[in-house]
Q: 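Quick one: the structure is below, questions incoming.
Positions are given from 1 along the sequence.
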Amino acid sequence: MSVHMRFLRTALTIVILGFIASAVYISALVLQRQAALEDVGLGNVTWTVAQAPGEFARLEQRVSAFGMNDDRIDADEVRLRFDIVVNRLKALRAKGVEKFVESDPRLGRILDDLEAALDQTRPLLDDLSVPGTPGRILTILEPIYPKLARLSASGNMWNSARIANDRHSLFDLQWALTWVTIGMIAGGCLLILLLLIHNGLLGRAQKILRAKEQTVALQNARFDAAIEAMSLGLCLLDEQNRVIVHNSRFTALFGLDEAQVAPGTPLADLIAPDLLPDAAGISAGDETRDRNDIAVLSDHIHHLPNGVVLTASHERMGEGGWVCTFEDVTERHRVQDRVVHMAHHDALTDMPNRLLFWQSIGQALRGLVANGKPFVILCLDLDRFKEVNDTLGHPTGDALLRKVAKRLHDAVSPGDIVARLGGDEFAVLHSCADTSLDSTRELAERLIATVSRPYHIDGNEIHVSTSIGIAMAPRDGDDTDQLMKNADLALYRAKADGTAVYRFFSQQMEEQLQSRRNLEADMRHGIRLGQFEVHYQPQISLKTRRIVASEALVRWRHPQRGLISPAEFIPLAEETGFIDTLGEWVLLQACRDALGWPGNIRVCVNLSPVQFRQTDLVGTVKAALATTKFDARRLELEITESVLLQDNAANLDVLSRLRSLGLTIALDDFGTGYSSLSYLQRFPFDKLKIDRSFVRDLESRPDSFAIVQSIATLGRNLNMLTTAEGVETQAQLDLITKAGCSETQGYYFSPPVPEAEFRAMLDRQSGTVTSVSVA
């Protein structure tokens with residue numbers, strides 16, 4: 001049926017267009033013939049051309065008569081005839097004659113010759129009375145007349161041909177009108193036939209439409225039942241975003257009644273603008289995305305004033321308009337938001353974690369490329385936080401971290417990001433106002449001051465500080481890993497320079513890191529290559545003024561760098577774990593060397609706090625004594641107070657087991673750091689070594705003498721020896737003697753020397769040692 005209707009409509013259209021085309025064609029022919037007739041009536045080219053030879057001949061006749069002194073002809077008569085010919089020339093060049101002149105190039109040349117002859121004649125007219133002038137004029141004009149006669153003849157022939165052509169065109173027009181009339185009659189008959197057929201088809205179409213209406217009504221009823229049963233809010237819109245159809249779930253979600261959602265109501269009057277189909281951020285491709293993806297859900301949710309969280313889906317209909325669905329995802333959003341938050345935030349402090357901080361740096365780098373705005377990364381590490389954990393417990397340490405995080409968050413600018421990277425490490429992403437770094441310095445100083453204020457937790461007043469390393473983008477790197485690495489290097493330098501300081505990254509740090517790596521690699525091969533040596537510094541009894549012991553001090557003689565200070569390679573060995581191997585080698589070497597000394601001379605070996613992390617430090621010492629067959633009573637092990645701070649219960653147990661081997665235990669650098677008398681109660685040390693800082697100030701500060709004297713008295717009362725380190729002058733020696741110390745060592749007596757020199761010193765010892773020249 002639809003095919004027949006389309007064919008019928010096409011046929012009707014063709015017939016109507018045929019009528020229109022015929023009418024237009026007839027009108028065009030009539031207009032064309034009217035123009036031709038007007039052309040023939042208004043301009044008689046034959047007459048205009050035919051007059052030219054006669055007027056020219058009369059001009060010649062008047063000139064000839066004037067030359068023969070005919071009294072009836074005067075000069076004015078000649079000039080009149082000349083002007084007539086000139087006007088005739090203008091008529092021949094007029095628009096009405098131009099088609100004739102353009103029909104043959106020779107005709108144009110005749111007019112050009114006529115014009116040239118007239119131009120030559122014009123100046124002679126003023127001299128007509130001069131004898132010979134009329135003859136000259138006749139000579140100029142004589143060749144023109146035959147040409148004008150030919151022009152007249154050509155005009156007659158051209159006009160006859162045009163009349164014949166027009167007559168033929170009129171016959172063609174008559175035949176065209178005849179055939180068009182016949183066609184229009186036939187077309188009218190066809191049009192009547194098509195209209196009859198069209199009416200019949202319309203009748204059949206009405207019957208079909210009525211049947212379809214019944215089917216559509218049934219489908220509409222089913223559709224209404226389906227959309228009412230949907231758990232989603234549904235709304236169909238036209239091209240102007242006006243409501244066509246909706247379900248009750250839609251009205252319930254938005255708290256509307258049926259009167260408000262009448263068909264034709266603009267959707268913008270019912271819901272928030274960001275829920276509309278043309279809202280920013282909603283594209284035709286949104287429906288292809290995974291709606292279960294957490295990140296997508298977080299980006300495409302809409303919060304209603306009543307607390308409901310919705311997701312909106314908008315799909316275009318083929319005929320225009322939208323199908324809009326709205327889903328209540330309040331509970332799912334709450335759960336997924338929590339998952340997203342947990343994935344990107346630290347559980348202890350609820351601050352951004354390492355993952356989110358890395359992503360934030362990536363965003364800042366993209367912003368740097370887009371708008372050139374610099375930013376800095378500040379890496380923070382709490383100074384002596386481990387001591388808080390070890391002394392007060394991990395719950396107190398966790399509470400401290402939460403307070404530190406709160407202070408850091410309050411200290412930064414609103415646009416900055418603070419993150420906890422792990423343990424006691426924090427980081428700040430700071431947007432710089434410019435490249436001067438003034439705001440960064442102010443921020444670093446503010447963070448240090450903020451963190452350094454006392455903390456009060458569970459009745460304890462806790463003091464910690466922070467060291468900060470800073471890297472700036474793009475100066476110090478243009479990717480996340482490079483920036484974080486450089487900030488870590490700056491932090492390492494800050495911690496090496498002391499506590500509560502900040503340092504900016506410099507290329508020199510990178511070079512120092514490379515140098516440090518090279519030094520580490522050389523250090524690991526140093527023992528095998530025989531580069532390490534053990535030097536010995538004598539310890540003197542203040543009572544006998546004789547050498548009673550010697551402290552073993554490791555030295556590294558590098559083939560290229562010469563003698564490297566222990567202050568440079570010992571911290572590196574502790575960080576890399578090489579201190580275990582080096583410490584074991586020093587212990588073995590010291591025991592071997594001491595075998596050649598007198599039996600009353602002890603050897604003192606320092607133990608690094610890192611060595612206490614070994615699984616079997618006691619076994620290592622026992623193996624060294626067994627290997628060298630060295631008397632344990634002549635071995636003295638020196639430890640620092642930091643050993644007791646790390647894990648005092650476990651380390652005190654290790655010290656007790658070491659002491660059970662028969663050796664001596666000394667507490668080095670006593671009086672500094674976190675000295676606690678409780679350690680002396682829990683473990684009876686054999687010796688206390690007074691830190692050299694007190695000895696150095698003995699001559700200038702009375703309180704230093706009081707401290708040294710107190711420690712000496714304490715040691716004497718606890719049956720412990722006391723050794724004063726760093727004695728360099730006779731006055732210092734007199735004061736520590738007066739304070740009651742047991743032993744001393746320092747450059748006043750001897751610097752650390754190779755074992756051969758120390759053995760020679762022992763061989764030469766024959767009485768009281770009074771100066772550095774003990775030999």
Side-chain angles (χ1 to χ4, degrees), residues 1-6 9 198-199 201-292 296-334:
M1 177 67 69
S2 59
V3 175
H4 292 159
M5 290 295 292
R6 283 198 298 270
R9 290 169 184 165
H198 183 265
N199 290 336
L201 291 175
L202 286 177
R204 293 175 58 190
Q206 288 178 349
K207 294 180 181 179
I208 295 172
L209 286 175
R210 282 193 293 270
K212 286 187 176 182
E213 284 177 356
Q214 296 176 354
T215 303
V216 169
L218 179 59
Q219 291 177 344
N220 286 341
R222 293 172 178 172
F223 174 74
D224 291 340
I227 65 173
E228 287 300 322
M230 291 177 62
S231 61
L232 303 179
L234 175 70
C235 184
L236 272 63
L237 307 177
D238 60 17
E239 293 182 350
Q240 286 74 42
N241 287 353
R242 293 175 301 196
V243 175
I244 301 174
V245 176
H246 69 280
N247 64 358
S248 57
R249 179 59 176 161
F250 173 79
T251 58
L253 284 175
F254 294 99
L256 305 171
D257 56 42
E258 292 297 329
Q260 292 176 286
V261 200
T265 303
L267 188 61
D269 296 344
L270 305 175
I271 63 177
D274 56 344
L275 288 167
L276 297 175
D278 54 354
I282 298 177
S283 64
D286 280 351
E287 64 270 19
T288 63
R289 302 175 67 174
D290 184 2
R291 296 187 60 187
N292 290 323
V296 172
L297 179 59
S298 298
D299 290 341
H300 296 278
I301 61 173
H302 306 274
H303 295 264
L304 300 185
N306 59 4
V308 175
V309 181
L310 297 180
T311 57
S313 174
H314 307 274
E315 297 184 11
R316 283 194 175 276
M317 295 187 292
E319 64 277 11
W322 297 86
V323 177
C324 305
T325 57
F326 304 91
E327 182 181 4
D328 184 349
V329 294
T330 305
E331 186 60 32
R332 176 152 54 106
H333 169 66
R334 184 179 296 112

Q: Should Arg242 and Leu237 count as side-chain neighbours, where that means a heavy-atom distance under 4.5 Å?
A: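 Side-chain contact under 4.5 Å: no.
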Q: Taking only Lys NZ, Arg NE, NH1 and NH2, and the carboxylate oxygens of Asp or Glu, determine whether Arg249 and Glu327 approach each other closer than 4.0 Å.
A: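 The answer is no: the pair does not qualify as a salt bridge.
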Q: State, with a plain yes or no, whether a side-chain heavy atom of Arg210 is found less than 4.5 Å away from one of Lys207.
A: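 Result yes, sub-4.5 Å side-chain heavy-atom pair found.
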Q: Looking only at atom types and distance, does a side-chain atom of Asn247 sit under 3.5 Å from a main-chain N or O of Leu234, one as donor and one as acceptor?
A: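 Confirmed, Asn247 side chain pairs with Leu234 backbone.
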Q: To the nearest 0.5 Å, what is the distance between CD (Gln214) and CD (Gln219)?
A: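 So the CD of Gln214 and the CD of Gln219 are separated by 12.5 Å.
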Q: Going through the checks in order, is the side-chain contact (heavy atoms from CB on, under 4.5 Å) test met by Leu267 and Leu276?
A: CA-CA 7 Å; Leu267 188 61; Leu276 297 175; 3.8 Å; yes
Q: If every non-hydrogen atom of His246 is compared with every non-hydrogen atom of Val261, which pair is closest and at what distance?
A: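 Result for this residue pair: CE1-O, 3.3 Å.
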Q: Under 3.5 Å, is there a donor-acceptor pair between the side chain of Asn241 and the main chain of Trp322?
A: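 Judged by distance alone, no pair lies under 3.5 Å.
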Q: Of all the heavy-atom pairs spanning Val309 and Thr330, show the shortest one and how long it is.
A: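 The answer is N-OG1, 2.9 Å.
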Q: Hey, does the side chain of Thr265 reach the backbone of Val243 with a donor-acceptor pair shorter than 3.5 angstrom?
A: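 Looks like no, no N/O pair under 3.5 Å.
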Q: Only one of Val245, Leu232, Thr325, Leu256 passes side-chain contact (heavy atoms from CB on, under 4.5 Å) with Phe250; say which it is.
A: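 That would be Leu256; it is the only one of Val245, Leu232, Thr325, Leu256 passing the side-chain contact (heavy atoms from CB on, under 4.5 Å) with Phe250.
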Q: Atom SG of Cys235 and atom CD1 of Ile271: how far apart are they, to the nearest 0.5 Å?
A: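 It is 7.5 Å, given to the nearest 0.5 Å.
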Q: What distance do Ser313 atom OG and Phe326 atom CZ have between them, rounded to the nearest 0.5 Å?
A: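 Reported value, rounded in 0.5 Å steps: 9.0 Å.
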